[in-house]
Amino acid sequence: MTNRPTTIYLKDYTPPAFLVENTDLHFELAESKTRVTATLRLRRNPDSTDPAAPLVLHGRELTLRDVILDGRPLPAAAYAVDTETLTLAGVPDTFTLRTVTEINPQANTSLEGLYLSSGNFCTQCEAQGFRKITYYPDRPDVMAPFTVTLVADRAKYPVLLSNGNLLEKGELDDGRHFARWQDPYKKPSYLFALVAGQLVKIEDRFTTRSGRVVTLQIFVEPRNADKCEHAMRSLQKAMAWDEEVFGLEYDLDIYMIVAVDDFNMGAMENKGLNVFNSKYVLARPDTATDADYQGIEGVIGHEYFHNWTGNRITCRDWFQLSLKEGLTVFRDQEFSADMTSRPVKRIEEVRILRQAQFPEDAGPMAHPVRPESYVEINNFYTATVYNKGAEVIRMIQNLLGREGFRQGMDLYIERHDGQAVTTEDFLAAMADANGADLAQFRRWYSQAGTPEIHVTTEFDPASGVYTLRCRQSCPPTPGQESKQPFHIPLALGLLDRQGNDLPLQLEGEAAPHEAGTRVLSLRQEEESFRFVGLTEEPVPSLLRDFSAPVKLQIDLADADLAFLMARDADPFNRWEAGQQLATRVLLGLVEDLRQGRTQGEADVFSEAFGLTLQDREADPALLALALTLPSETYLAEQMTVVDPAAIHAARKALRQSLARRWQAELLDTYERLGETGPYSIEPAAVGRRSLKNVCLAYLMALEEDETVRLCQRQFAQGDNMTDVIAALGALAHSRRPERQAALAAFYGQWRQDPLVVDKWLSLQATADHPDTLMQVRALMAHPAFSLRNPNKVRALIGAFCHGNPAAFHREDGSGYRFTAEQVLALDPLNPQVAARLAAALIRWRKFDDGRQQLMKEQLQRLLDAPRLSRDVYEIVSKSLS
Ligand code: TRP
Ligand code: ZN
């Protein structure tokens with residue numbers, strides 16, 4: 001690619017000059033030369049700002065054979081072709097354009113456009129992959145009905161699929177056959193898909209509440225036919241849930257899902273024909289963990305929910321990506337919360353947000369939920385657009401209430417079904433349906449950075465007034481030096497000394513609100529809330545259920561945190577209090593280590609840990625989360641200058657000291673929670689397993705013979721992957737000789753199953769060992785690894801760079817050099833995956849001078865490389881500037 005790619009700006013948006021009234025595609029599929037005939041019915045857009053504009057179609061890496069306008073072949077002089085476009089000047093106001101192009105799917109390693117996975121054809125068009133298939137106005141505000149004919153060799157490609165309904169299929173000469181599909185709903189090109197290959201089909205049905213029967217089909221490679229049941233049940237649950245909670249029904253007679261092993265992301269919501277990374281479809285108790293099962297349910301739901309939020313109503317332009325992604329993540333989160341445990345789900349969401357989005361918001365790639373500019377749109381499928389975007393939707397629900405939110409959704413769909421719209425349109429529907437003022441709230445879409453709220457409190461016993469003083473601020477981000485105050489929903493409760501929620505009455509109110517949680521609106525840089533009628537100083541429980549994606553700072557005593565951890569009525573804040581306490585202890589240990597001091601005591605936290613461990617009333621899943629220490633990445637975010645080695649050592653030391661202090665209780669809990677009966681993915685069973693395995697991991701921190709034997713037994717006898725991988729993981733972190741034998745046995749048993757092999761790679765890449773990088777390099781030469789498969793790259797290299805901070809940030813810079821090397825090797829094959837790897841280097845400013853130098857050297861090495869992709873160029877250049 002070029003060395004100075006152009007930047008695209010939201011402010012430059014103009015409506016398309018031409019609309020497509022109908023799209024007819026004809027594919028003659030062959031591995032190295034596929035012929036695509038596109039017949040487009042085009043019409044000048046009456047809303048275009050330029051009534052004389054030429055027709056400009058997007059197209060990349062296409063071999064153009066013919067251009068035919070209203071039946072007349074055009075001479076080459078009648079159009080202009082460059083590497084990105086096909087331009088025709090002086091065209092009529094309505095006309096039919098036919099192009100014939102050739103592409104080479106076999107040579108496509110970017111996994112964007114038409115490519116081969118395990119010998120089967122599939123497509124990935126979002127965001128701009130359709131232009132690698134044929135010349136087209138490849139932008140989401142151009143929507144058309146599609147008819148698609150697929151022709152291929154019958155023996156090699158017995159299954160031929162595209163969007164919508166099957167119109168006809170039949171035999172052709174030379175052993176070929178064909179299928180013709182029609183999608184009656186207008187859609188943008190990014191939702192187009194085709195699949196052709198040797199696949200088996202698992203079929204079931206769903207009857208909508210209006211009584212229509214929908215055929216559900218999951219297509220997989222024959223060896224995976226016995227791993228689809230959970231995906232099918234998840235789909236049926238998602239369909240029922242969207243009817244019940246949002247009143248939304250499916251709109252075609254058939255819904256197809258195809259699982260492929262080579263995929264850049266999780267899955268893709270193509271109309272009526274989702275294409276999935278096999279990781280989010282395939283599960284059997286002995287091959288998939290509880291987390292895998294939950295991931296499948298969530299992603300199946302996510303893609304299904306896109307049918308309304310994304311497909312029926314789509315984005316006007318790619319700056320609006322969160323219109324569909326933030327909203328659809330919110331919907332899949334709510335679905336999973338209803339299917340499993342709401343508080344557990346909420347805690348996991350916040351962990352992801354803090355682990356991935358807060359660092360992004362504090363780094364050189366920070367961008368608003370609705371970005372203002374991009375170089376490569378693929379770099380903006382981010383935690384900010386997805387997860388912070390979902391938090392923004394959740395805040396709207398917190399402000400309007402569930403009913404008001406539903407009314408807003410109804411109005412949004414009523415107004416915009418069949419359109420390509422903006423986040424402003426969404427907010428307008430929410431505001432109009434509720435008579436609410438969301439003008440200030442809009443800043444959540446336009447301002448980047450994580451807001452901070454500093455709270456101080458004051459109690460006046462004489463008047464019984466308790467004052468909360470809130471000051472909000474937001475650090476500068478690239479291109480945004482100063483910020484306007486946000487409209488922040490702050491959910492809170494005040495606890496009496498027994499831990500009961502107090503009735504809340506603000507000064508000036510006639511009567512107190514019922515005891516419990518209340519949502520305040522923060523709108524100013526500084527404001528105070530005065531609660532009246534209190535007889536003693538309460539303990540504040542703020543930001544309950546994480547009511548806004550902010551950093552809250554309030555100076556509570558250790559004892560108050562321990563009290564909240566034990567007593568708060570809000571399960572999220574019970575967990576949060578424990579995390580705050582643990583963070584304090586860990587950051588103290590980090591300082592002790594850095595100063596060479598003897599390590600301080602962790603009594604308050606350790607006692608609270610012990611009480612939690614022995615709690616027989618609470619949900620084991622919540623206990624497991626409460627006993628899990630904040631991650632190294634989270635701790636790093638709390639430091640001005642990160643010391644990855646000290647963080648790692650401190651966390652390890654605390655784990656060991658907790659294990660020593662509570663060894664008997666950990667063992668007792670472990671034994672009490674042993675599997676009874678057959679494997680079940682019911683939340684209660686999942687929770688038991690997670691607590692049991694948290695206990696096992698603590699016990700293994702001591703690496704005693706007895707625990708090693710426990711691990712070996714669980715590894716050998718476990719009838720489910722959750723238990724097996726927990727035991728293997730504990731062994732893999734240890735320095736024990738039993739480690740190697742267990743890893744070898746596991747590979748021997750599962751070498752034929754790529755998704756299980758990914759787990760084996762990841763365990764070794766994240767192992768707490770001095771020679772992990774050497775191991776990773778060795779594994780790259782192992783037959784199980786391939787640089788062409790994104791799952792393998794993520795499982796091994798990605799896990800090392802993003803999931804093993806102590807090894808990645810080794811002081812000698814070896815981790816950084818390795819990363820740059822792999823980015824350079826990967827970039828010509830798959831720029832999207834290469835760019836995500838490069839992101840591991842971009843936050844050099846957070847580290848000491850030595851590491852800063854080493855990281856910058858590698859970034860500069862990338863920037864100096866010839867033919868860098870736009871994807872990697874954007875990440876690296878923004879980091880260095
Ligand atoms: N729209 C997809 C989703 O979130 C995301 C996606 C799938 C994607 N594949 C992609 C985005 C490739 C960019 C490139 O459900
Ligand atoms: Zn999505």
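Note that ligands are numbered from 1 as they come in the structure, with each ligand's atoms numbered from 1 the same way. Please read these numbers as outputs of a predicted model, since none were measured by experiment.
- Within the cation-pi definition used here (under 6.0 Å to the ring centroid, within 45° of the axis), Arg316 qualifies as a partner of Tyr13.
- A salt bridge is defined here as a Lys NZ or Arg NE, NH1 or NH2 lying under 4.0 Å from an Asp or Glu carboxylate O, and Glu349 with Arg394 meets this definition.
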Checklist line | Test log, rule ring-ring contact (aromatic ring centres under 6.0 Å, His included), inputs Phe146 and Trp181 | finding: CA-CA 8 Å; Phe146 279 57; Trp181 293 82; over 10 Å; no
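- Cation-pi geometry between Lys187 and Tyr185 is not met at under 6.0 angstrom from the ring centre and within 45 degrees of the axis.
- Between His306 and His302, the ring planes lie perpendicular to each other; the angle is over 60°, past the 30° to 60° tilted range.
- When you scan the N, O or S atoms of Glu325 for the one nearest the Zn ion (ligand 2), you land on OE1.
- Within 4.0 Å of ligand 1, protein heavy atoms come from Gln124, Glu126, Phe263, Met265, Ala267, Met268, Glu269, His302, Glu303, His306, Lys324, Glu325, Asn378, Tyr381, Tyr386, Gln832.
- Because the distance cut-off is set at 2.8 Å, Glu303 fails to qualify as a neighbour of the Zn ion (ligand 2), as none of its N, O or S atoms comes that close.
- Salt bridge Asp183/Lys271: absent, no basic N to carboxylate O contact under 4.0 Å.
- For His302, the N, O or S atom closest to the Zn ion (ligand 2) goes by the atom name NE2.
- A cation-pi arrangement, defined by a distance under 6.0 Å to the six-membered ring centre and an angle within 45 degrees of its axis, is absent between Arg131 and Tyr136.
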